[in-house]
Number of protein chains: 2
Amino acid sequence: MTKIGIRYTKPRKLVFEALAHYSKPVSVAEINYYLKNKIDLSSIYRTLELMKKSNIAEETEFGDGKKRYELISEKGHHHHLICENCGDIEDIKMKEDELLNKVKTKSKFAIKKHKLEFFGLCPNCQ
Amino acid sequence: MTKIGIRYTKPRKLVFEALAHYSKPVSVAEINYYLKNKIDLSSIYRTLELMKKSNIAEETEFGDGKKRYELISEKGHHHHLICENCGDIEDIKMKEDELLNKVKTKSKFAIKKHKLEFFGLCPNCQ
DNA sequence: GACATATTGCAAATCATTTGTAATAATAAA
DNA sequence: TTTATTATTACAAATGATTTGCAATATGTC
Ligand SMILES: [Mn+2]
Ligand SMILES: [Mn+2]
Ligand SMILES: [Zn+2]
Ligand SMILES: [Zn+2]
């Protein structure tokens with residue numbers, strides 16, 4: 001009987017470290033820049049995929065064609081405000097029960113998750 | 001003094017027709033399939049960009065790496081439920097004043113727009 | 001109809017992401 | 001601690017979506 005296990009490797013340490021450092025959703029390019037080519041891009045991609053499946057990191061999209069990832073931290077489920085001018089990101093946490101209940105009332109879908117992002121201008125850019 | 005004007009051309013007619021036909025967010029590949037190579041892919045892209053800027057079409061992303069577009073119709077502002085199994089899309093319309101007010105209370109961002117999509121399983125796929 | 005120029009098709013480029021594979025490193029077994 | 005097993009990596013190449021440069025063309029104007 002063979003053992004299966006997920007190994008604690010250099011790329012995994014480093015990607016985790018990068019995500020922890022930023023504590024906001026970051027693109028693969030940003031992670032790579034932070035890690036200064038210490039690991040290959042494909043390893044970053046594969047590691048993020050793993051972290052997503054393992055519920056360690058969450059994937060978001062802001063509409064610029066790049067996926068972004070952030071650690072699922074103590075913060076818990078939350079959304080973001082993105083500045084369309086400087087790209088600054090602010091977390092937004094809110095009660096969503098009413099929202100979700102409304103949707104469940106209107107539809108027969110079994111809802112598993114949702115994505116909600118706000119776009120506009122941060123205080124500095126207004 | 002030179003005249004400027006947006007011309008009513010074959011690609012624009014056809015892309016509009018394709019969007020109207022589907023009346024749900026569709027990818028460029030789907031539009032192209034519908035139009036059976038009557039126009040070039042690059043023309044579809046350029047036309048959609050134009051329609052987006054002109055507030056004729058809206059862009060959405062469901063997380064599969066393809067942008068999707070739908071006409072801004074009488075329906076008005078709304079969101080979607082996407083079936084993670086069969087890809088079926090349902091529109092969802094709801095009052096969002098409270099939601100937006102909450103966010104405006106919590107943040108100093110000047111909010112211009114937001115994206116909200118729900119993912120789960122449609123009645124058929126449950 | 002002729003002109004001015006906005007727009008197209010085509011080909012090539014770009015950008016993010018994925019994939020195949022031989023070499024390597026993490027862990028288990030001896 | 002050495003050896004064996006196999007999960008994981010780096011690298012290179014492939015893929016897929018989107019963008020771009022440009023000469024040819026079509027549209028609206030005079
Ligand atoms: Mn966040
Ligand atoms: Mn819709
Ligand atoms: Zn800003
Ligand atoms: Zn379904």
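What you see is a predicted model; the values in this text were computed from it and never measured. Quick note on labels: first sequence line is chain A, next is B, and so on, each numbered from 1.
- K112(A) and E84(B) are joined by a salt bridge, as a carboxylate oxygen and a charged side-chain nitrogen come within less than 4.0 angstrom of each other.
- At whole-Å resolution of the value, CG in L50(B) and P in dT7(C) are 7 Å apart.
- Taking side-chain N and O atoms only, Y45(A) has a distance below 4.0 Å to OP1 or OP2 of dT17(C).
- Distances from the side chain of T47(B) to the nucleotides dT8(C), dT27(C), dT18(D) place dT8(C) closest.
- A salt bridge is absent between K115(B) and E61(A): the closest approach of a Lys/Arg side-chain nitrogen to an acidic carboxylate oxygen does not fall below 4.0 angstrom.
- Among the heavy atoms of the strands lying under 4.0 Å from T9(A) are primed sugar atoms or P, OP1, OP2 only; no base atom is included.
- Ring centroid separation for the pair F109(A) and F118(B) does not come in under the 6.0 Å cut-off.
- In this structure, CG of L14(A) is placed 12 Å from P of dA26(C), rounded to the nearest angstrom.
- Side-chain N/O atoms of R7(B) and base N/O atoms of dT8(C) include no donor-acceptor pair closer than 3.5 Å.
- K67(A) comes within 4.0 angstrom of sugar-phosphate atoms only, judged by non-hydrogen atoms across all strands, and of no base.
- Taking atom CG on L41(B) and atom P on dT19(D), their separation rounds to 12 Å, with Å as the unit.
- With dA16(C), dT27(C), dG28(D) as the choices, the nucleotide that has an atom nearest any side-chain atom of Y8(A) turns out to be dT27(C).
- Mapping I39(A) and D64(B) onto DNA chain D via the closest heavy atom, the residue that lands nearer the 5' end is I39(A).
- The interatomic distance linking E59(A) (CD) with dT17(C) (P) rounds to 9 Å, in whole Å.
- Between the C1' atom of dT7(C) and the NZ atom of K38(B) lies a distance of 19 Å, rounded to the nearest Å.
- The distance between atom CD1 of I44(A) and atom P of dA16(C), rounded to the nearest whole Å, is 13 Å.
- OP1 or OP2 of dT7(C) sits under 4.0 Å from a side-chain N or O of R12(B).
- Between the C1' atom of dT25(D) and the CG atom of D40(B) lies a distance of 14 Å, rounded to the nearest Å.
- Whole-Å rounding puts the I6(B) CD1 to dT27(D) C1' distance at 13 Å.
- Using a cut-off of 4.0 Å between Lys/Arg side-chain N and Asp/Glu carboxylate O, E90(A) and K24(A) are scored as not salt-bridged.
- For K13(B) and S42(B), each mapped to the nucleotide of DNA chain D holding its nearest heavy atom, the one lying further toward the 5' end belongs to S42(B).
- One finds a salt bridge joining E98(B) and K102(A) here, because a Lys/Arg side-chain nitrogen approaches an Asp/Glu carboxylate oxygen to under 4.0 Å.
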